[in-house]
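Single-structure report; data block below.
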Amino acid sequence: MRENTHVVQSTEDHHHQRHQNPITSLNSKLAKTWVTTKVFIFVLFIIFLSASVSWMYTFVLGENRFQVTSLFTRNTNRTPTTTTTKTITDIPKIIIKIPLNCTARNITTTQTCPSNYPTKFEPAISSSETCPDYFRWIHRDLKVWQKTGITRETLEKARPNAHFRVVIKSGRLYVHQYEKAFQTRDVFTIWGILQLLRMYPGQIPDLELLFLCHDRPAIWKRDFKKKSKDRWPPPPLFHYCGHRDAYDIVFPDWSFWGWPELNIKEWNKLSVALKEGNKRVKWEDRDPYAYWKGNPHVSPIRGDLMRWNFSDKYDPMVRLYVQDWRSEIEAGFRGSNLEDQCTHRYKIYIEGNAWSVSEKYILSCDSMTLLVKPEYYDFFIRSMVPMKHFWPIRPNNKCGDLKFAVEWGNNNTEKAQIIGRQGSEYMMKNLEMKYVYDYMLYVLQGYGKLMKLDVTVPENATEVCSETMACPITDGGLIRQCMDDSLVMSPSVKAACDLPPPYRDYELKKLLKKQVSAERKVEKWTDEYWNLRGPK
Ligand SMILES: *[C@@H]1O[C@H](CO)[C@@H](O)[C@H](O)[C@H]1NC(C)=O
Ligand SMILES: *[C@@H]1O[C@H](CO)[C@@H](O)[C@H](O)[C@H]1NC(C)=O
Ligand SMILES: *[C@@H]1O[C@H](CO)[C@@H](O)[C@H](O)[C@H]1NC(C)=O
Ligand SMILES: *[C@@H]1O[C@H](CO)[C@@H](O)[C@H](O)[C@H]1NC(C)=O
Ligand SMILES: *[C@@H]1O[C@H](CO)[C@@H](O)[C@H](O)[C@H]1NC(C)=O
């Protein structure tokens with residue numbers, strides 16, 4: 001892989017690429033051993049010898065009937081370079097395609113998993129970048145099992161809280177479902193892990209994990225103390241959000257692969273739409289109020305928020321709307337397109353029952369986010385900084401804080417725009433789907449290392465793959481649509497980003513201090529403002 005390192009960097013640098021040559025056939029030896037680096041270089045060599053513009057070929061790989069497509073980017077700039085650079089500039093991007101194989105069926109015509117999934121794939125482009133900072137929390141989430149590892153006994157204690165068990169063995173995935181989750185949370189969570197397996201074949205170790213699909217974490221620290229031997233270590237349970245008082249392992253939620261019940265597209269597509277949506281109304285032309293739309297009935301804090309909506313006597317500078325999903329569904333979701341909601345200068349994020357899926361959509365809009373300090377965190381929020389990425393709002397002083405924030409923003413439009421933009425850039429850059437998969441990869445690799453048990457496929461578990469999930473769904477509905485949209489078609493040619501080291505204690509203190517001091521500053525401004533004005 002060493003050689004590939006610099007090879008690959010130059011692939012992306014189109015200016016250094018040169019004219020390509022035509023090749024009409026490729027010898028079959030090459031086809032069989034194409035994976036090895038040697039062949040890789042051999043390919044380069046051949047390409048170099050021949051002469052043409054741009055081409056594409058497809059062939060069948062020995063026993064593995066996957067299409068291998070090699071695409072050559074057309075190069076326009078001819079830069080004088082040394083011979084060595086020549087060899088490393090013309091790199092084909094070899095892409096294995098793994099389309100859904102819906103023809104894999106057994107005698108009873110039940111959809112089965114194809115036997116020829118690639119089991120290993122060496123990314124051609126090794127990583128040259130460090131993952132975003134939020135990856136540093138992975139170590140912390142897994143730390144509690146570092147000394148003891150995870151034994152069968154420890155794992156099984158999480159079983160009563162789990163909706164399903166996932167077993168990954170030799171790159172194949174088995175599920176034992178205990179309880180149906182709300183809507184398709186479980187379906188798309190499993191789908192997501194399957195896409196990870198397609199993305200990084202051979203890189204996910206054998207493991208068994210238990211997953212909780214409810215809103216709130218379940219493994220509370222108060223119930224598991226080091227002192228009592230039979231309650232230590234705590235059971236490992238995967239979940240969508242964490243809490244400072246809980247041990248749940250934080251994992252991306254289902255909505256990254258879609259939330260068909262609410263017509264929410266998978267994240268790849270949606271983030272592009274949100275980016276476009278940001279351009280629709282210029283910041284200055286947006287309504288100079290704080291906008292929120294959601295279901296106020298899921299938590300008291302949201303109910304409380306609704307009390308501060310506009311009244312004739314007094315304008316608290318917020319515009320709050322109740323999302324009535326039932327009528328939205330009837331109306332075909334015309335009023336709830338997320339990409340159309342970036343029309344106010346400020347947007348409010350407030351937790352629901354626990355963390356809310358809406359967080360990433362709200363922060364993606366480049367209006368300044370007024371973030372009511374959450375109790376629960378998802379995997380990416382922990383490294384975000386108040387006043388850099390969002391404006392902090394105290395949960396017990398929402399009304400005054402919100403009104404002040406909006407007034408401040410309208411007085412300091414430049415600064416408010418910057419905070420809005422930085423928040424949305426954080427989402428667009430650090431939360432690209434590739435990073436979401438990389439995060440999952442490192443969580444599962446770290447977790448796999450802790451396994452002190454024989455990974456076994458339980459008797460009632462069934463093998464699950466993208467085919468068994470997607471192929472039987474032929475109703476033309478949104479579930480299949482979300483699956484098709486988020487299907488990982490090829491193993492990643494680019495390796496995962498480099499996992500940054502864990503936060504050291506002093507670094508963590510520094511980060512928390514930074515966050516707290518930004519909050520304090522805002523509180524001070526706010527309180528000073530209101531003290532002058534008397535209570536409201
Ligand atoms: C066909 O596959 C399904 C699912 O994997 C399995 O339950 C069934 O027993 C298989 N039938 C035969 C005849 O192999
Ligand atoms: C689909 O899967 C079946 C069963 O594993 C396999 O025989 C067949 O070659 C696969 N088809 C393609 C196009 O990969
Ligand atoms: C909040 O106020 C706006 C007008 O300022 C109104 O359109 C909206 O319906 C109100 N929301 C609720 C939930 O009453
Ligand atoms: C905004 O500016 C107005 C007019 O200068 C001033 O009265 C008000 O206090 C300012 N509000 C904030 C929150 O800065
Ligand atoms: C598997 O299912 C059977 C029949 O439903 C049940 O009796 C058995 O206990 C189950 N085994 C496990 C390990 O859950």
Quiz item: Do the side-chain N and O atoms of T189 and Y240 include a donor-acceptor pair separated by under 3.5 angstrom?
Solution: yes

Self-check item: Carboxylate-amine/guanidinium proximity below 4.0 Å for E467 and R198
Solution: yes

Quiz item: Do the two ring centres, one from F251 and one from F256, sit under 6.0 Å apart?
Solution: no

Self-check item: ring-ring contact (aromatic ring centres under 6.0 Å, His included) partner of W254, chosen from W267, W259, W191, F211
Solution: W259

Practice problem: Flag the pair K510 and E507 as a salt bridge only when some basic side-chain nitrogen lies within less than 4.0 angstrom of an acidic carboxylate oxygen. | Solution: no

Quiz prompt | Residues E519, K373; criterion salt bridge (Lys or Arg N to Asp or Glu O under 4.0 Å); working and verdict | solution = CA-CA 10 Å; E519 282 169 11; K373 196 178 167 92; 2.9 Å; yes

Practice problem: Could you walk me through whether D133 and K429 pass salt bridge (Lys or Arg N to Asp or Glu O under 4.0 Å), step by step? | Solution: CA-CA 12 Å; D133 266 359; K429 283 196 191 127; over 6 Å; no

Exercise. For Y178 and R165, test the side chains for any donor-to-acceptor distance below 3.5 angstrom and give the result as yes or no.
Key: yes

Practice problem: Run the salt-bridge test on D505 and R140 with the 4.0 Å N-O cut-off and return the result as yes or no. | Solution: yes

Practice problem: Measure centre to centre between the rings of W355 and Y377, then say whether the value is under 6.0 Å. | Solution: no

Quiz item: Out of R286, K282, R421, R345, which residue meets the salt bridge (Lys or Arg N to Asp or Glu O under 4.0 Å) rule with D366?
Solution: R286

Practice problem: Let me see the working for K494 and S126 under side-chain hydrogen bond (donor to acceptor under 3.5 Å, both in side chains), right down to the final yes or no. | Solution: CA-CA 6 Å; K494 203 170 157 203; S126 61; over 6 Å; no

Quiz prompt | Heavy-atom closest contact (A354 atom, Y376 atom, distance) | solution = CA-CD1, 3.5 Å

Quiz item: Okay, side chain of R136, backbone of P501: is any donor-acceptor separation there less than 3.5 Å?
Solution: yes

Quiz item: Taking 4.0 angstrom as the limit, do R172 and D206 come out as a salt bridge?
Solution: no

Quiz item: Side chains of E351 and S299: donor-acceptor distance under 3.5 Å anywhere?
Solution: no

Quiz item: Does Y247 have any ring-ring contact (aromatic ring centres under 6.0 Å, His included) partners at least two apart in sequence or in another chain, and if so, which?
Solution: none

Quiz item: Quick one: are the ring centres of W137 and F379 less than 6.0 Å apart?
Solution: no

Quiz prompt | By ring-ring contact (aromatic ring centres under 6.0 Å, His included) - contacts of Y442 (at least two apart) | solution = none

Practice problem: Examine the side chains of N337 and Q341 and answer whether a donor and an acceptor come within less than 3.5 Å of each other. | Solution: no

Quiz item: Any Lys/Arg nitrogen of D141 or R382 sitting under 4.0 Å from an Asp/Glu carboxylate oxygen of the other?
Solution: yes

Quiz item: With sequence neighbours left out, what residues match H389 under ring-ring contact (aromatic ring centres under 6.0 Å, His included)?
Solution: Y426

Quiz item: Do E208 and Y174 have side-chain atoms, one donor and one acceptor, less than 3.5 Å apart?
Solution: no

Self-check item: Sidechain-backbone polar pair: D378 side chain, I381 backbone, donor-acceptor under 3.5 Å
Solution: yes

Self-check item: Under 3.5 Å: donor-acceptor pair, side chain of H163, backbone of C213
Solution: yes

Quiz item: Which atoms form the tightest heavy-atom contact between A470 and R480, and what is the distance?
Solution: O-NH1, 3.1 Å

Practice problem: Kindly say whether the aromatic ring centers of Y447 and F238 come within a distance under 6.0 Å. | Solution: yes

Self-check item: Ring centres under 6.0 angstrom apart (H239, H214)
Solution: no

Quiz item: Can you tell me if E261 and T184 form a side-chain donor-acceptor pair at under 3.5 Å?
Solution: yes

Self-check item: Sidechain N-carboxylate O distance under 4.0 Å for E339, K279
Solution: no

Self-check item: Y200-D438 side chain donor-acceptor pair, cut-off 3.5 Å
Solution: yes

Exercise. May I ask you to check whether H243 and E375 show a side-chain donor-acceptor distance below 3.5 Å?
Key: yes

Quiz item: Quick one: do the K293 and S358 side chains pair a donor with an acceptor below 3.5 Å?
Solution: no

Quiz item: Just by distance, do the side chain of Y134 and the backbone of N430 share a donor-acceptor pair under 3.5 Å?
Solution: yes

Exercise. Verify salt bridge (Lys or Arg N to Asp or Glu O under 4.0 Å) between D485 and K269, making sure each step is shown before the conclusion.
Key: CA-CA 8 Å; D485 289 346; K269 246 189 179 171; 3.1 Å; yes

Practice problem: Take Y361 and L274 through the test side chain to side chain contact (heavy atoms under 4.5 Å, CB included) and record every step on the way to the result. | Solution: CA-CA 8 Å; Y361 310 127; L274 291 169; 4.1 Å; yes

